[in-house]
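To start, the structure itself, in structure tokens.
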Amino acid sequence: MDLLDLIDTIQSIADGVLFGTTYALLGIGFTLIFGVMHKINLSFAAASIGAAYASLLILSAVKAPAVVVFLMAAAAGGVLGGLVYLVGFKFIPLANPLATLMSTVGLLLLIDEIIVHTTAGVPLNYPALFSDVIVPIGPFNLRGDLMFVFVLGCVCMTVLLLLLYRTKLGLATRAVSQQPTASQLCGIGIMRVNILTFVITGVVGGIAGAMTGAAIGMLSPLLSLPLTVKGLIVTVIGGLGSIPGAIVAGLVVGGLENFFQFLRGVSERDLYIMLLLFAFLVFRPGGIFTVAAGRD
Amino acid sequence: MDDYLIGVLSNIGVISFIALSAYVLLLTGEISFGQQAFFAIGAYAAGIATALWGWPLAAAIVWGAAIGAGSAILVGVPTLRLHGLYFAIATLAFAEMVRILFELLRYQVLIDGEWVGPNGADGFRNIRYIFENDISSLQFMILIYAVLVATLSMFLLLERSRLGVIFRMIGEDETLAGLQGISVARHKVLAAGIGGALAGIGGGLYAHLTTYIEPRSFDVMLGVHSLAYGLIGGLGTAFGPLLGVLIDIGLLEAIRALAGYRMIIFGGLVAILLIIRPRGLLDEKLVHKIGRMWRLILPRGGRVKLGPSGEKI
Amino acid sequence: MMTTSWRFAVIMMLAFMLFHPQTVLAQVRAKAEVDCQPAAEKLQYDCIIKLTNSRTNEQLAGFDLMVGADMPSMPAMHNVRPVKADEDQEKGTYKARIVLEMYGDWALHLDLIGPVRDRVVKVLRFERDRVGEPTSAQTPAHQRH
Amino acid sequence: MGNAKVLELHGLTKHFGGVRAVDGVDLTVASGEILGLIGPNGSGKSTIVNLICGLFPLTAGRVLFGGADISELPPHTRVALGITRTFQNIRLFGQLTVWQNLWVAQNSGEQRKQNFLPRWLGGSKGARAEIDRMLEFFDLGHKRDELAGNLAFGEQRRLEFARALAARPALLLLDEPAAGMNAEEIEQLDSRIRKMRQNGVTVLLIEHHMELVMSVADRIAVLNFGQKIAEGTASAVQSNPVVRDAYLGTTTGA
């Protein structure tokens, strides 16, 4: 491999890592809900894309600068998150671990279908920010839009971590995730914590959806399944329930994905990522940061 | 019979196989998002067998089923150690790997001046067995249902047999089943193998029905549907998943006005049913009730007489 | 007891496979060019189909042609009622109006039902105002520059 | 087998994290014996049962059954060798019928050797007769086609008991079989345990209900904080000051 190839390889890995913040956010979303309820919300990525769509819809109604679209996506994501909880979790018998899996799959289909119906399945353009900015660092070029996505993702994660570890709400969330019965006795309303968790993850998801749209430059309902799969991969590789794990795994998966795409082309790329997931599941089901190995 | 009706019924028949295949694993309490992989493997294997190797259809279907079962067992051995969620994700990962592999698979042979065989993402065209052998679509539909009825009767026998009861035991309480002397791992792998064979049969029939298959047909959506059929129709009997297929394809087909909203209805149906009937329409309790009524009408003869009590227990 | 019945079943199966009649009919192999345009109604498309014999390249006229459709992304789950295509003035050209259930990629089934049976499958992407090439199965997660 | 040892526990130890649930317990059960195992709540009785039937891996020590080391065997193989159990809180297959619950539990080494077809398709004549006798013995004959989940509490207890016997165990582990029973039912239980012993089943009985243990057990072992603090006949254990200390007046507790 000569020097140019090496530079190209590193460049593509760097691009992937920057985009990987989206995966990290998705992984955090899956992991947060798993942490509180020990359930996987399969409709999460679809809801995130749905929130991004909703923000476009709002943007087309109200003339506003493109930056606002991210705030709107976050808000829409929060609302959708609450709705997902009410429809997919609140009334489903939680004793059966597989029931919520199916109900959230149902929601995934539902959200996808609503998007297809309102847009007739045509991909929509999404406002990309700083897409014309390119920051040269040595022989490498960092794309402005990806940089923006990366910075936004980092800000989002920092805020989330502060929220979880420095506020009373975060304490309650962690209490419920570790000792549901005891925390109820301490006066923490599980229902309230659950809804709040779903709203917060919804906000995170909405931002992730908007970031995806901004990085690709368009939105399509076809995105929600691959993103669901990527989010699950990140969650499992990072270790179910581990937030640092999700962040690391998100960046790693993003980087590896682009690395494989550079080496083997787009059609083979996902094969290796799936292989990685499969290997993790079989040989190290607890993920990188083993938190709750073999739970559920 | 009208072409349209033949088409609908053939589709229902073919999809029933993958619904049954997901159902076997549901019986053992595992959710698999990956049955479409074995459907795809069966479809490709059987299609290659007839179109490229010139095998007869029956051999191709059996071959597809065998390959489906074999691969299901191979995947089942490492993944079935995982439980619930982890197993579901592992099957999902496997199925996506299979789909991507089929997108990369190119194996074409020049037959009669035309290239035939899987051509990556462009799919596998010209699985022309039914045209070359002049099988009408009605005949092929009858063939599908003959295989389905045969499979179903085997299945009903299986459900009444010790094996079926063991699957249900494992589904209800895996640890407890182990404490009754049942090797849970072995039976789960067996269930996976049966599921793989069923999906393989369905795939083989599907390939010959449409004459054209492509990798993206076998994505997660198909797997999710096949799971949902069992959950809607019920886990009490093998008729459950068939009822699910009938509700989805048959009923929605009957109410054409709803066709555009089918996924919305379908998704909603799954969510509602999980709340009001967590084990589907035909769940164990209902099946037991029906069975009891049946026995009242037709008393079963030949019960074993009670032995003299007080003997060694 | 089990072994004998197993052996019997296997032998029967092999016998069936080996001696199963297999007739390969020398026949016309069709090839088709399909051009669809959105019609006035939503989800309706007018298609012009040109049928040729793939070996001799001569136009195939006077066939009974049915046009059906299936969605590759949801195999066997959409049942579009097949419509009969009418022969146009031009030799080997047929016209049909198909009614689909949703936008997206559809595999059109062009079924020759007489005098010779054959099926040609064409995958096309049907959108609200145009019909074009099918989307690739790949959904790139983000475009490269 | 005369007075051969059916079960031997050597230095049986199980730690959960820092908790020493069972800590170096030595115990032997002779063939045909009824051994009572008592101790205050949390003293490790149920953990011992779980270790004997193979639900948890051991931290240290060995389990010998009929002289052979079975410490590493998975639960289902132990059943085939002849160890079955009941549960403190009833665990049945609620969606199977009473008859099916017993049928699929017939998994002793001998029962596995029946002809394939009759065993897998409805049970051989002998196996079905065995189930019918069992149903009769536990007074469940009229419920044979009922779903186990629909039975009343007492019937479920009896069914669980019957199921534990279906695999023709050599050693039966009873985990608080009298919990939730009234006096009359306990009396029936007492006589059933005795009858089983007459038929050659060795019993390890864990029970809070002291009257039952004192009346039915040949020997009694007492656990406290995961360790064996006493062993002997009912009267010897009762008069042992260490035991009295451990229980501190809760000897009749439930």
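Proteins get letters first, then strands, A, B, ... in listed order; numbering begins at 1 in each. On a predicted model such as this, the values are computed, not experimentally measured, just so you know. Just so it is clear, the values below take in all heavy atoms, side chains as well, and ignore hydrogens, waters and symmetry mates.
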Practice item. For salt bridge (Lys or Arg N to Asp or Glu O under 4.0 Å), just list the numbers for D/E146 and B/R292, CA-CA rounded to whole Å, side-chain angles, deciding distance to a tenth of an Å, and then say yes or no. Key: CA-CA 9 Å; D/E146 191 62 65; B/R292 187 183 265 177; 2.9 Å; yes

Revision key, fill the gap. Rounded to the nearest 0.5 Å, the CG atom of B/L179 sits from the CG atom of D/L55 at a distance of 4.5 Å

Revision key, fill the gap. With chain D, the option among B/S161, B/G181, B/G291 that has the most non-hydrogen atom pairs under 4.5 Å is B/G181

Review point. Tell me, side chain or backbone of D/A167 under 4.5 Å from chain B's heavy atoms, or both, or neither?
Key: neither

Check your understanding: Is the backbone of D/V104 close enough, under 3.5 Å, to the side chain of B/Q180 for a donor and an acceptor to pair up by distance?
Key -> no

Practice item. Could you tell me which non-hydrogen atom of D/H76 sits nearest to which non-hydrogen atom of B/I182, and how far apart they are? Key: CB-O, 3.3 Å

Check your understanding: Judged by atom type as modelled, is there a donor-acceptor pair below 3.5 Å linking the side chain of D/Q95 to the main-chain atoms of B/E172?
Key -> no

Exercise for review: Sort D/R91 into side chain, backbone, both or neither according to what part of it lies under 4.5 angstrom from a heavy atom of chain B.
Suggested key: both

Check your understanding: In Å, rounded to the nearest 0.5 Å, how long is the span from CG of D/L121 to CZ of B/R160?
Key -> 10.5 Å

Review point. Non-hydrogen atoms of chain B under 4.5 Å away: do they reach the side chain of D/R78, the backbone, both or neither?
Key: neither

Practice item. Could you pull out the closest heavy-atom pair between D/W120 and B/H187, with the gap in Å? Key: CH2-NE2, 4.1 Å

Revision key, fill the gap. Side chain to side chain donor-acceptor pair (under 3.5 Å) filter on D/E176, not counting sequence neighbours, yields none

Study note, to complete from the structure: CG (D/L147) and NZ (B/K289) are apart, to the nearest 0.5 Å, by 10.0 Å

Check your understanding: Which atoms form the tightest heavy-atom contact between D/F87 and B/L176, and what is the distance?
Key -> CE1-CD1, 3.3 Å

Check your understanding: What part of D/Q198 is in contact with chain B, defined as an atom under 4.5 angstrom from a non-hydrogen atom: side chain, backbone, both or neither?
Key -> neither

Review point. In terms of heavy-atom proximity below 4.5 Å to chain B, should D/T97 be classed as side chain, backbone, both, or neither?
Key: side chain

